[in-house]
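Here the structure is laid out as structure tokens; the discussion comes afterwards.
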Number of protein chains: 2
Amino acid sequence: MEAEAIKKNENFLKLKQSLILKPVLDESCIVHQSLTLLANKWTLLVVMALMQGTKRTNELQKQISGVSPKVLNETLKKLINYGLINRKVYPEVPPRVEYSLTEFGISLADPLAALLDWSVEHENRVNEIYKNKL
Amino acid sequence: MEAEAIKKNENFLKLKQSLILKPVLDESCIVHQSLTLLANKWTLLVVMALMQGTKRTNELQKQISGVSPKVLNETLKKLINYGLINRKVYPEVPPRVEYSLTEFGISLADPLAALLDWSVEHENRVNEIYKNKL
DNA sequence: CGGTATCCTAGGCGATACTG
DNA sequence: CAGTATCGCCTAGGATACCG
């Protein structure tokens with residue numbers, strides 16, 4: 001689609017323009033800082049999973065298969081410290097803990113949606129690279 | 001801005017809807033695969049730097065201060081294998097090597113622009129978290 | 001069920017030194 | 001200047017076992 005292509009090019013030029021103002025991408029750069037905090041597979045997958053709504057620990061564990069309980073827990077604690085998610089404990093036996101996004105966490109919907117779109121759009125290519133473990 | 005808030009909420013709902021279709025975020029999920037390949041600080045910073053245009057190795061080295069030459073090189077090789085960047089060698093002494101984005105690499109402008117926007121919008125908060133090394 | 005603690009390994013990453 | 005090789009640290013992250 002022509003309009004789509006034009007829009008993409010506009011996005012590219014806009015990004016290029018924004019980045020021109022950032023001659024250095026060192027620690028003082030806010031993008032650098034964001035990436036330091038968030039550029040992690042498990043971290044982003046947990047946030048994504050919670051975009052669907054409130055979930056229990058075990059649900060997250062099952063949905064994001066591949067994470068060990070330990071790493072999942074560390075990731076959740078980190079996200080709580082960041083203020084991106086809430087943790088709610090119900091006084092029951094057996095215990096019941098639910099996680100949900102904060103407003104701050106929900107604000108990640110924009111970048112995550114863009115990533116999801118990109119992934120779907122380039123699905124074949126990404127899968128090819130992934131399989132070849134390049 | 002009201003319109004802005006509405007748009008953000010729409011993005012959230014849209015993402016939520018898209019994700020509902022993905023009950024499992026395991027290795028077979030394309031988002032999982034994308035994140036496995038790209039969710040890395042240096043990887044994304046290099047791509048971002050190249051959004052500004054073609055650059056020499058040393059330029060990247062200086063601009064993304066904090067990377068060691070070794071890691072920078074490994075990252076560049078990885079990105080070449082992914083087909084995201086080009087490498088051009090000039091037959092000169094001393095050698096001159098330039099890197100640039102491929103079309104595929106340029107397609108990352110959308111998610112990266114969204115991330116940049118998010119970073120700038122939440123700059124204070126991100127910086128606060130970053131400083132406290134949470 | 002949710003979380004912690006302990007142990008242990010693979011690999012990310014820095015430092016240094018060397019080739020073309 | 002660009003890249004490789006070697007060494008070595010150190011932490012992300014898996015496995016297991018144990019408390020509330």
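From a predicted model like this one, the values you see are computed outputs, not experimental measurements.
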Lys70(B) side-chain N/O to dT16(C) phosphate OP1/OP2 under 4.0 Å: no
Side chain of Val97(A) - closest among dG3(C), dG14(D), dC1(C): dG3(C)
Length of the line joining Leu72(B):CG and dT4(D):P, which is rounded to integer Å: 12 Å
side-chain N/O Arg87(B) vs dG3(D) OP1/OP2, d < 4.0 Å: yes
Sugar-phosphate, base or nothing in reach of Tyr99(A), heavy atoms under 4.0 Å: sugar-phosphate
Salt bridge present between Asp26(A) and Lys62(B) (N-O < 4.0 angstrom): no
Glu98(B) CD to dA2(D) P, straight-line distance once rounded to whole Å: 10 Å
dG3(C) OP1/OP2 closer than 4.0 Å to side-chain N/O of Thr57(A): yes
Short N-O contact, Glu98(B) and Arg96(B), less than 4.0 angstrom: yes
Spacing of Glu74(A) atom CD relative to dT6(C) atom P, expressed in whole Å: 14 Å
Sugar-phosphate, base or nothing in reach of Lys77(A), heavy atoms under 4.0 Å: sugar-phosphate
Geometric class of the Trp118(A)/Phe104(B) ring pair [parallel <30°, tilted 30-60°, perpendicular >60°]: parallel
Distance (rounded to the nearest 0.5 Å) between Ile106(A) CD1 and Asp110(A) CG: 11.5 Å
Earlier contact from the 5' end, DNA chain D, for Pro95(A) and Gly66(A): Gly66(A)
d(CD1, Ile85(A); P, dG2(C)) in whole Å: 14 Å
Gap between atoms NZ and P, on Lys55(A) and dG2(C) respectively (whole Å): 13 Å
Side-chain ion pair, Lys70(B) and Glu74(B), N-O less than 4.0 Å: yes
Atom-pair distance (CG on Asn73(A); C1' on dA12(D)), nearest Å: 15 Å
Options dC13(C), dC1(C), dA2(D), nucleotide nearest the side-chain atoms of Ser68(B): dC13(C)
Length of the line joining Gln61(B):CD and dC1(D):P, which is rounded to integer Å: 11 Å
Rounded interatomic separation in angstrom, taking CZ from Arg96(B) and C1' from dG20(C): 18 Å
Closest-nucleotide 5' rank along DNA chain C - winner of Arg56(A) and Trp42(B): Arg56(A)
